[in-house]
Amino acid sequence: MANAPPFNLLDESLGDTASGGDGGRMILVEDCVETSGAFVVHHLLKRALHSHSSDVVVFLSFAHPFSHYDRVLRKMGCNLSVQRDNKRLLFFDMLTLDRLDKNRGKTGEDILIALYGEVQKAVEVFRSHEGRQHVTVVIDDVSLMEVDAKGSSNLVLDFLRYCYSLTAQFGCSLIALNHEDVYSTADQPNLLLQLEYLADLVIKVEPLATGLATDVHGQLTVSNKNIQVGSGKSRNRIHNFQFRIKDSSVEYFYPGSKT
Amino acid sequence: MKCLAVMVSLIVVLVVIGSVMAMTANKPRTASFSRNTAAASSPVSSIPGLKHGPNGTMFISSGISDLDKILGGGFALGSLVMVMEDPEAPHHMLLLRNFMSQGLVHHQPLIYASPANDPRGFLGTLPNPMVSKDEKSRVHETEQEKGLRIAWQYKKYFGEQSSDSQRDGKSEYCNDFDLRKPLERYFFTGQQIDCVSLKESADLGAFHERCSSFLSQDKRSNGNITGGRIAIQSLCSPQCEYSNREWEMLSFVRSLKSVVRLSNAVAVVTFPPSLVSTTFSIRLQHLADTLVSVKAIPDEDKELAKLLTGYQDMVGLLSVHKVARINTQVPAILEATTFSMKLQKRRSLILECLNQAPVDGSSGSSYASSGSCSGTSKTAPLDF
């Protein structure tokens, strides 16, 4: 079956099935109210923390506390607490950060600048290790970052650009989740367009046009910008398939091929 | 003689049970799969008004047993529930009233905020729990509902029976409320009730402080979980000074969500989506863990009356858009997303699946009969 755990359709569409191969890329995940794209982030997180690699993840969580991710990933066979103790996961809980006294009175700008400083420091430290560890920065999610910045999308964009510059400088990859429908009616869908421009790979999570169903939870559209034609393999630029989310894994299948 | 034999056999049975119990009690638990009874009998399970849910979550009741059932048990502790109001009808108040009353019945601390001048006056409109008269079990009722689903057009023939059956089995967890009777005085005594008017406050910072101190009090109170309730009515209503500062409200909701998430409380926030910009409304919807919307239905809509059975009894429609998924990534797919709100005997609020009425002149049509109660609102020809 195509959806055997190690190599499923999503991994295939991401380009390289070897773990840790996606260096220097930015992946943007877009979702909407009806269908959450959190599972894609969980999948990418698990992929990055694959046991055979020595990759490091810097996780900026604006949406959920650590316990939530810990429980979700544990069901998928990845123990985040252990990974955190092994210094392979650096978790920034931005959900509780604004309540701490040290951030009292600080503006969103100060917080984001301080956050970037810490991310940069962490990336540099990890890169200076002898193993030259590959670093993945995950942001969940960008729209909440905007709320923290009191609506200043330029500030958020600056932050993301700085993070993006890390991908070029240190070859680390960037994964960001954002909500597409927030920008669908805005006068200036500036932030989303900028993000899409920066991203090498855009994963769109949408509900089925026919409504909710118990065995198909939605559809994914993966559009890949950088396809090396010279590599000998001819790949599609755009992959489109459907998924069904389970606790331990997610089933991916082409439309109509679900048995 | 026969009686004696029965007694003897009873005694024998009791002795056997006693010895088995003694054996199990004495046996050291060595099997790795043995259930941890200490954990199962934790103080939590004994607290009325709380229920264990999947993935280590706990539920408190919404005060409407049908809504609890739809959401898979109730509102998860630590979740933010958003209710999208109807611009013309106060149906969200029904949800809020039942939610608050249920909290008071369970002696859970409560904080209520509204843009009204005197929010404490709202407490006088809370419904009283209904005294259950007959002991008809819930199982019986669900059986009847199944019967209705198959032959729904005969509903009127045994509608009397089904309306008589009161929900009684779950009276511990979720009461039925009589919307016509105000909540008895003794429920208010010795309760921690905080009422806040949002009309005067220039910004939400002070209110947020109040919420966090309320939640930290709740956490400190003698160690065990009680399940606090925060009810905020019409957050973005134009009476409030801050109503044009959208980002401020968003960051309030976001920080409220973060403090609620780390506590044992549930926040129910209603907001009018028609009065705010679409972008803002969608951002709020993303912030919600559980998202529900209420809609009024017009009194004399002939077309709708033709399409749906029991149209006369309906007061509105309730749609569930999102169900909280805490500690899991699996979305809850409901059998239906739109339900009709009905006032049973003008007293208690019930939610029912929408039933499509038969199409005239096509009595045997399979489409008409299969359309009832199945799938989402999208299957109905009208888009609600």
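Lettering follows sequence order; numbering is per chain, from 1. The structure presented is a predicted model; accordingly, all values stated were derived computationally and were not measured.
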Using a strict 4.0 Å threshold on nitrogen-to-oxygen distance, state whether A:K150 and B:E248 make a salt bridge. no

With side chain to side chain contact (heavy atoms under 4.5 Å, CB included) as the test, would you mind laying out the steps for A:Y183 and B:T279 before giving the verdict? CA-CA 7 Å; A:Y183 307 95; B:T279 317; 5.9 Å; no

Would you check if there is a donor-acceptor pair between the side chains of A:D247 and B:T328 at a distance under 3.5 Å? yes

Given that the side chain runs from C-beta out, which part of A:F62 has a heavy atom under 4.5 Å from chain B: side chain, backbone, both or neither? both

With respect to chain A, which residue among B:R245, B:R261, B:K322, B:K257 yields the maximal number of heavy-atom pairs within a distance under 4.5 Å? B:R261

Under 6.0 Å from the CD atom of A:E109, do we count more than 12 heavy atoms belonging to anything else shown? no

Under a 4.5 Å heavy-atom cut-off, does chain A meet the side chain of B:R325, its backbone, both or neither? both

Sort A:L144 into side chain, backbone, both or neither according to what part of it lies under 4.5 angstrom from a heavy atom of chain B. both

Can a donor-acceptor pair be found between the side chains of B:N55 and A:K75 at a distance below 3.5 Å? yes

Atom pair SG (A:C32) and CD1 (B:I282), whose distance is rounded to the nearest 0.5 Å: 9.5 Å

Is the closest side-chain donor-acceptor distance between A:D181 and B:H286 under 3.5 Å? yes

One should read off an interatomic distance between A:S143 OG and B:L287 CG, to the nearest 0.5 angstrom, of 7.0 Å

Do B:P331 and A:T35 make a side-chain contact, defined as non-hydrogen atoms from C-beta onward lying under 4.5 Å apart? no

Side-chain (B:Q329) to main-chain (A:K246) donor-acceptor, under 3.5 angstrom: yes

Might you point out which heavy atoms bring A:P65 and B:L262 nearest each other, and give the distance in Å? CB-CD2, 4.3 Å

Distance only, no hydrogens: is a donor on one side chain within 3.5 Å (strictly under) of an acceptor on the other, for A:H179 and B:R283? no

